[in-house]
Amino acid sequence: MATAADYGHNSWELSIQVDQREGDEGMKFKLRVKGDLHIGGLMLKLVEKIKAPQDWSDHAIWWEKKSCWLLKTHWTLDKYGVQADADLRYTPQHKPLCIQLPNMKTVRLPVSFSCVVFKAVAEICKALNIRRSEELSLLKPPDDPKKKKKKDKGTESAFDDILNMDMAGGIYCFVFQSLRLCILTETLLCRWLDSSRSLMEQGIQENDRLLLRFKYHSFFDLNPKYDAVRITQLYEQARWAILLEEIDCTEEEMLMFASLQYHICKLTLSTEPLTNSNEPDIDEVEAALSNLEFTLEGRNPDKILEDITDIPKLEDTLKLFRPKRLTLKPYKEYWFVFRDTTISYYKNKESANKEPIEQLHLRGCEVIPDVNVTEKKFGLKLLLPAADGMNEVYIRYDNETQYAKWKAACILASKGKTMAYSSYRTEVKNIQSFLQMKSLAPPPECRVLRFSPICKELTTRILEALHNISQLSLMEAKMRFIQAWQSLPEFGIKYYIVRFRGSKKDELLGISYNKLIRIDMSTGLPVTTWRFSNMKQWNVNWEIKQVTIDFDQSVSIAFSCQSCDCKVVHEYIGGYIFLSTRSKDQNETLREELFHKLTGGQD
């Protein structure tokens with residue numbers, strides 16, 4: 001029993017809920033305390049009363065009513081303002097969080113709910129092997145009433161992939177695994193978490209779902225050697241920004257993105273990388289002489305080429321068409337023979353021992369697919385070098401296997417190589433895999449964005465554009481996509497509705513990585529642009545929620561935010577200023593203190 005001494009003049013009973021490991025039932029205790037008891041002593045007293053053999057080092061005290069952590073263990077209860085009516089929780093600081101990555105996949109990671117979001121994101125990025133964590137942040141997903149009703153049925157159902165891309169329906173066709181599309185547009189800008197506050201302080205609970213995205217569009221020191229994961233996730237975010245039309249593109253730009261995306265998907269789904277891109281450029285004659293030299297010396301090397309007299313050939317009945325002016329002649333059937341780097345065609349198989357009707361020399365030609373898997377159309381357009389430019393020849397094949405063999409041979413021949421190269425079989429396999437990928441039938445829940453349906457002309461132009469990037473490796477293609485995204489006029493601009501000082505109407509403020517743009521809402525045209533390099537200082541009047549910025553030449557602007565809290569705009573501006581201070585030193589530590597100094601709020 002408690003003695004009279006325990007009930008001192010300044011003592012009271014304090015209720016503390018103890019959260020244990022995930023899945024274990026919590027416990028509630030009451031402790032007799034005084035106001036001069038420091039937080040560290042309170043935790044020690046609590047653990048002694050629990051008497052459970054458990055590691056409590058990750059636990060800390062959370063004050064639900066005040067929505068704050070009591071992390072300063074040397075502070076007393078009086079200093080924190082804790083009184084008898086305070087219900088405290090002794091809970092783990094690290095809790096599982098479901099994080100959706102830019103590629104729409106969700107991972108479940110233990111994350112610190114007590115440190116500020118800026119530091120929590122750094123921990124997440126370290127676990128995912130993503131450098132430059134300061135470019136990313138966490139975003140709340142849009143509200144979904146249906147999800148709220150199903151939340152108690154289990155967490156796994158909430159973590160399905162939102163959507164997958166389906167190549168069969170075209171570049172802009174998507175399969176909806178659920179009937180809901182989470183569109184991350186500029187209307188969600190106010191869903192960014194405050195980087196200077198913890199997850200718990202912003203209402204985030206254990207097993208909640210958050211989106212990890214690149215918040216600041218200033219991608220520093222992208223290096224394929226160190227940044228494979230970072231580049232892939234950045235590409236995915238860029239891809240969705242293009243597909244969901246978060247940024248305007250011309251038709252030509254869209255075709256460029258489509259061809260790059262198609263090429264990337266092909267390389268990603270292929271079991272083996274394209275051999276063309278990393279194949280050594282070895283002259284066939286030199287290779288044959290080298291083989292001969294090794295043979296004469298009695299060695300048995302791995303042959304780069306087969307015997308020069310045993311180069312494979314292809315023979316088939318195919319259809320040919322040569323477009324000419326003022327003529328609409330259809331495809332005509334011939335007997336084709338592909339030997340070395342030349343295609344010869346004859347009237348029929350019996351006349352193959354005579355002079356051919358024509359020989360097509362493929363060295364230096366362009367090989368362009370003319371394919372529609374749905375309609376069972378398999379063809380190639382060959383652009384053959386000629387004195388007056390390029391001559392067009394169309395060849396039609398009967399099936400996928402025939403097309404794959406002949407196309408692989410044409411690709412090698414265009415580079416002066418024959419089917420004797422070991423890469424020929426790999427190339428055939430890659431083409432067949434690509435055709436199988438295109439032949440996958442889309443499920444019934446399918447929508448097409450932007451181009452619906454994709455016309456034959458557009459498909460042809462995309463496939464023609466593919467020819468220009470076919471030599472790019474997977475990482476090179478992703479980098480090219482990111483660079484093309486960065487070159488768009490509206491890249492990285494975030495828009496907010498504001499009201500400038502002295503104005504009676506709302507306007508748009510665009511924030512980019514290097515400038516601010518004042519935009520007339522009625523016309524959508526920029527009125528004034530201010531560059532960060534000319535900025536002298538900025539501050540926020542937290543009482544009236546107004547941001548004031550001073551530039552060179554005594555230029556000063558002030559505005560209040562209408563579409564979000566001014567803290568959001570303040571953090572964007574300060575964040576970009578912070579990013580501009582980085583260097584390429586690989587050992588550079590993350591200067592968290594400087595970030596909070598530039599982006600922190602009124603606290």
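Quick note: numbers below take in every heavy atom, side chains included, and nothing from hydrogens, waters or symmetry partners.
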Side-chain ion pair, [X] and [Y], N-O less than 4.0 Å:
| X | Y | answer |
| --- | --- | --- |
| R582 | D221 | no |
| K381 | D370 | no |
| K313 | E315 | yes |

What is the distance from atom [atom1] of [X] to atom [atom2] of [Y], rounded to the nearest 0.5 Å?
| X | Y | atom1 | atom2 | value |
| --- | --- | --- | --- | --- |
| L314 | W406 | CG | CH2 | 5.5 Å |
| I264 | L474 | CD1 | CG | 6.5 Å |
| I231 | M475 | CD1 | CE | 5.5 Å |
| L260 | Y235 | CG | OH | 8.5 Å |
| L382 | C410 | CG | SG | 5.0 Å |
| R239 | I482 | CZ | CD1 | 12.5 Å |

Okay, side chain of [X], backbone of [Y]: is any donor-acceptor separation there less than 3.5 Å?
| X | Y | answer |
| --- | --- | --- |
| S473 | E476 | yes |
| N399 | T401 | yes |
| H263 | L472 | yes |
| N348 | E350 | yes |
| E123 | A120 | no |
| Q402 | D398 | yes |

Can you find a side-chain donor-acceptor pair between [X] and [Y] that sits under 3.5 Å?
| X | Y | value |
| --- | --- | --- |
| E358 | Y345 | yes |
| E392 | Y394 | yes |
| N207 | R108 | yes |
| T106 | Q100 | no |
| K126 | S133 | no |

If you count every heavy atom of other residues, nucleotides or ligands that lies below 6.0 Å from Y346 atom OH, does the total exceed 12? yes
Identify whether NZ of Lys or CZ of Arg in R132 sits under 6.0 Å from the centre of the six-membered ring of F220 and within 45° of that ring's axis. no
Would you kindly check if the NZ (Lys) or CZ (Arg) of K417 is within the cone defined by 45 degrees around the ring axis of Y421 and under 6.0 Å from the six-membered ring centre? yes
Could you walk me through whether E135 and K215 pass the side-chain contact (heavy atoms from CB on, under 4.5 Å) test, one step at a time? CA-CA 6 Å; E135 298 170 358; K215 177 178 181 178; over 6 Å; no
When you look at E253 and L488, which way does the side-chain contact (heavy atoms from CB on, under 4.5 Å) test go after all the steps? CA-CA 9 Å; E253 288 166 341; L488 295 176; 3.5 Å; yes
Could you walk me through whether Y403 and L380 pass the side-chain contact (heavy atoms from CB on, under 4.5 Å) test, one step at a time? CA-CA 8 Å; Y403 168 81; L380 288 175; 3.7 Å; yes
Parallel, tilted or perpendicular: which one describes the rings of F336 and Y334, with boundaries at 30° and 60°? perpendicular
Parallel, tilted or perpendicular: which one describes the rings of Y576 and Y216, with boundaries at 30° and 60°? perpendicular
Verdict with reasoning, L101 to L211, per side-chain contact (heavy atoms from CB on, under 4.5 Å): CA-CA 6 Å; L101 305 179; L211 316 180; over 6 Å; no
Is there side-chain contact between V337 and I343, with heavy atoms separated by less than 4.5 Å? no
Within-4.5 Å side-chain heavy-atom neighbours: L320 and Y331: no
